Amino acid sequence: MRGFLASSIGVTCAAALAVPLTPPAAAATSAPPPTTERAARAEAHAPGGTQSLPLAPLTSDRAPGAAAQGLPRRDVRHFSLVGVVWDDPGTELRGRVEVRTRATATGTWSPWQELETRNAEHSADPGTAESASRRVRGATAPLWVGESDGVEVRVRAESGPETARAAAPLPGGMRLELVDPGKGALPATAPEPEEGPRTTTTSAGSPASAEAVAASAANAGLAPLGATEIPALSQAETEAELGAGQHTKPYVGARPSITTRHGWGADEGLREKGFVYTKKVKAAFVHHSATGNNYRCSEASSVIRSIYRYHVRSTGWRDLGYNFLVDKCGNIYEGRAGGVSKAVLGAHTLGFNSNSMGIAVLGTYSDRKPSSAAVKAIARLTAWKLGIYGMNPDGKTYLKSGGGNLYRKGKNVRLNVISGHRDGFATNCPGKLLYGKLDTSRAKAARYQGR
């Protein structure tokens, strides 16, 4: 089945559900009940769901902000992704968050797994409507654990330099979020060979005309089994989608196969209606999702549905934060809604969301090397998308900072056109080993553009 661009067909979204799931008997005190029976029925039949369980002190100290909070081992409804959220998005969780989960299929408990607590830098820019929304909460990075039906969590505050009594207080209102991705509208994307998605590009060394780009994309190989391939656009269609006065540039890579939101099973009723755009796409920031590497490529759509629900329902963003996602088999997925060729404003790189796009590689790459297929997919995607806006993926550009811990608000910052998240914010993202592969993606992307 072929997918269609949301921006081209103008899909009207259902109103977002605002009522949490009714908890099971084992967790009856974990979440406030729905306000109406009708709302409860609607949520119960929605694809996927989220259990939100309040954390409690694990020590004799029952005061708010106790040095250790969590949940003892308990049975819960099925879930596949876990994260911890708290009330104030401006409060940093200074400590360690660990979870254990029980696999539904085997009944065995996992070892303790750590969640990445530095996650605030993956968010909307300061001062924007999305950032200022009262729904936004502080959050850890989510962790994919596979289908599970039991959980245990502990959060320990970071000890001070002298004694444990000097530990920083934990944020208020901490809750454990357990996300069930539900079933997608289409089968999950099947694994691709190591060389990544099949597509046709112009020969390296010669600039591609707009007609050649369109013909090249039209003759691209089939999308992976079960994926939804976005058909190539004609010159007129591309100009119409980009808007009046914008034209394809001489150096544009072939449009790769992209699994649309419909293809990975996005519930469009979750996100806010309408779209928000920035002026252009001058740079791409590469991220890792920090969700762990314990997923199969056939599960990538489920992982993305879970991240989407976590970003919207648990964290309070208007939509999925990233513009695109890439799995370890090199398959590319549409992220935030609004049109894959358009300059959709994301929430991925605090301070630098304007005039950029965010690409998240599913997994954690601090100590694990990214696959060559994923590195190549970054190159193919950026060769096309950055090429539309006349950018050389192996070049430099300037972006104005919206504020962050590296650059003050308003400062013009010289960055690589393909940058890592850590280039705009002091963070580990996209992991040391993925960051080390960005030079390869830059060179390949320039070659795919015919430079």
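Residues: numbered from 1 along the sequence shown. All of these numbers come straight from a predicted model, not from anything done at the bench.
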Inset, instruction - Could you tell me whether Glu272 and Arg318 make a salt bridge, using a distance below 4.0 angstrom between a side-chain N and a carboxylate O? - result: yes
Inset, instruction - Answer yes when Asp267 and Arg313 have at least one side-chain N-carboxylate O distance shorter than 4.0 Å, and no when they do not. - result: no
Inset, instruction - Apply the test salt bridge (charged side-chain N to carboxylate O under 4.0 Å, His left out) to residues Glu98 and Arg154: give CA-CA distance (whole Å), side-chain angles for both, the deciding distance (0.1 Å), then the verdict. - result: CA-CA 6 Å; Glu98 296 175 303; Arg154 62 191 184 194; 2.7 Å; yes
Are any of the side-chain heavy atoms of [X] and [Y] separated by less than 4.5 Å?
X	Y	value
Val145	Phe79	yes
Tyr310	Val85	yes
Pro430	Arg422	yes
Leu433	Pro370	yes
Ser401	Arg408	no

Legend entry - Side chains of Ser366 and His288, donor plus acceptor under 3.5 Å: no
Count the heavy atoms of every other residue, nucleotide or ligand shown that sit under 6.0 Å from [atom1] of [X], and state whether that count exceeds 12.
X	atom1	value
Asn412	CG	yes
Lys282	NZ	yes
Arg100	CZ	yes

Keeping the roles fixed (side chain from [X], backbone from [Y]), state whether a donor-acceptor pair exists under 3.5 Å.
X	Y	answer
Gln51	Arg77	yes
Arg175	Ser52	yes
Asp319	Ala337	yes

Legend entry - CG on Asp423 to OH on Tyr407, rounded to 0.5 Å: 7.5 Å
Inset, instruction - Check step by step if side-chain contact (heavy atoms from CB on, under 4.5 Å) holds for Lys396 and Asn416. - result: CA-CA 4 Å; Lys396 303 280 187 179; Asn416 289 310; 2.7 Å; yes
Inset, instruction - Name the orientation class of the two ring planes belonging to His311 and Tyr322 (parallel below 30°, tilted from 30 to 60°, perpendicular beyond 60°). - result: tilted
